[in-house]
There are 2 protein chains.
Amino acid sequence: MTTSTRKQRELQAREELILDAAQSMLHQHGYNYLTMERIAETVEYSKGTIYNHFASKEDLVCSLCCRCITNLIDVFERAYQYRGSTRERFSAIGIAYSLYLQLNPMDSQNILTVKNNAIREKISKEKLIEMESLEREITTIAKSIVQQAIDIGDLDNKHQHHLSTIVFGFWSMHYGALLLDQSGIPLEQLGFSPVVQMLWTNANIFLDGYQWQPLSTVTDTARLFEKISSALFD
Amino acid sequence: MTTSTRKQRELQAREELILDAAQSMLHQHGYNYLTMERIAETVEYSKGTIYNHFASKEDLVCSLCCRCITNLIDVFERAYQYRGSTRERFSAIGIAYSLYLQLNPMDSQNILTVKNNAIREKISKEKLIEMESLEREITTIAKSIVQQAIDIGDLDNKHQHHLSTIVFGFWSMHYGALLLDQSGIPLEQLGFSPVVQMLWTNANIFLDGYQWQPLSTVTDTARLFEKISSALFD
DNA sequence: GAATTATTATGACGTAGCGTCAAATAATGT
DNA sequence: ACATTATTTGACGCTACGTCATAATAATTC
């Protein structure tokens, strides 16, 4: 029993070690430099051992992605706990998302990588299921705030059947914005402002569109942004 | 002179041939099946000749992407010409985008591929510039409608300095939604409705948020969607 | 129209990196 | 101490990219 759990723990520890090495390598030299061989060298195990942990390079990257979503869930939960109106708490989720990905550009990269079909095809079924389950978890947090807003009356209950549409809209807006940002489109050159700023404006407009109270027109949004972001990232 | 242009034309024709072959291969068997060797076989030229046209596999895929953006520009221009209010014309752009990518899922795939940093690194400078120029062109169309809306007064001119923010918000929302859709997240399973439908709802809410007249509350949006989409795709 | 030169096409070759598997090594049980 | 089971290893096979010397073809000159 103890033996078995010690083994487990050792395995687990090594897995983390590998993931850390991969992450740092990715961070420093990018995806193309990341090879199974190099990871093996770095952690001082053989390639075969790496393959005992991860079915493929893609599986490994997907695992990094799972870690990232786990981190995001953490931040989302802090946003969920934020003391304020439902609208503020939902906004907090948006801020959490955008600041997290801004602070960890490599993670946006990985998300983008894993979403690519060519890569996805090579990810094992199990890893995909793991990731899906995390994704379900994270959308659940967002959905529950919307539900609460409807229950309280901050959001008209004619939107009850739009519940997931609201979440989806908010999500896709952030997702799209951050991916556009990450993907080397020269936004400034095309005449755009900093992404986090535009996102905050548009998120507010979007929620105003749904008449989610209190509207941004009666709020000091700049100050709110500061408050929420320091509440989340300190 | 004539000789040179004939040469040019032959080259151009072959380039199209290669791109067609690649597109169809991609369509039928996916990115991982696509190899330079197989393309060469299909078009009955040698690998070296393919490399005379495209500096790398990534360059080739980027070229496909450029073709796709060119198509999008076409549809955007039709949207621009749509006879109706500025709001309808801007909405038409959203519909154009979402229906085009819905009808050509392989193109969304390619966009996703090309946006990936690992891939982008391998694309030649020239191709990237070519693509950026197309991207500039396409955003210009969207921006000009927003400008017209402000000039006419459909959109309050306090939004003048948000002009690009509006375009960016609209773009990112659509972009994010369609990528989420393409990237195998089991949206229905997570309790979401069909993407095009959610997008249409959210796009309207977004524009309502900016108070872009006439608001969706005084519009038969379902009918409008039908009208616009048949105007664009027939 | 033959000779020369310029252009273009070819595919064998070098290389990188993935993933496998038989053999070596370590751990565990008796 | 020996047998059995589990884990680790790295050489090997394979695929696919991209190159380049050579061959083939086209253009030009005389």
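Lettering of chains follows the sequences in order, A, B, ..., and the numbering in each one begins at 1.
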### Query
For the pair made of CD in A/E10 and P in D/dT7, what is the distance, rounded to whole Å?
11 Å
Between protein and nucleic acid, restricted to nucleotides 11-18 of chain C and to nitrogen or oxygen atoms under 3.5 Å apart, what atom pairs and distances do you find?
{"residue": "C/dC18", "atom": "OP2", "partner": "A/M36", "partner atom": "N", "Å": "3.1"}

#### Entry: B/R14 vs C/dT8: side-chain N/O to OP1/OP2 distance below 4.0 Å
no
### Contact residues, residues 113-127 of chain B to DNA chain D [heavy atom, < 4.0 Å]
none
### A/F168 ring center near B/F192 ring center (under 6.0 Å)
yes
Between [X] and [Y], what is the shortest heavy-atom contact and its length?
| X | Y | value |
| --- | --- | --- |
| B/D59 | B/S124 | OD1-N, 2.6 Å |
| A/L178 | A/Q102 | CD2-OE1, 3.9 Å |
| A/S108 | A/L101 | OG-O, 3.4 Å |

#### Entry: Test ring pair (Phe, Tyr, Trp, His ring centres under 6.0 Å) applied to B/F76 - qualifying residues, sequence neighbours left out
none
### Query
Donor-acceptor pair, B/N104 side chain versus B/M106 backbone, under 3.5 Å?
no
### Query
Going through the checks in order, is the side chain to side chain donor-acceptor pair (under 3.5 Å) test met by A/D107 and A/Y100?
CA-CA 9 Å; A/D107 284 346; A/Y100 178 85; 2.6 Å; yes
### Message
Here's one to test your reading of the geometry: is the NZ or CZ of B/K57 within 45 degrees of the ring axis of B/Y31 and under 6.0 Å from its centre?
### Response
yes
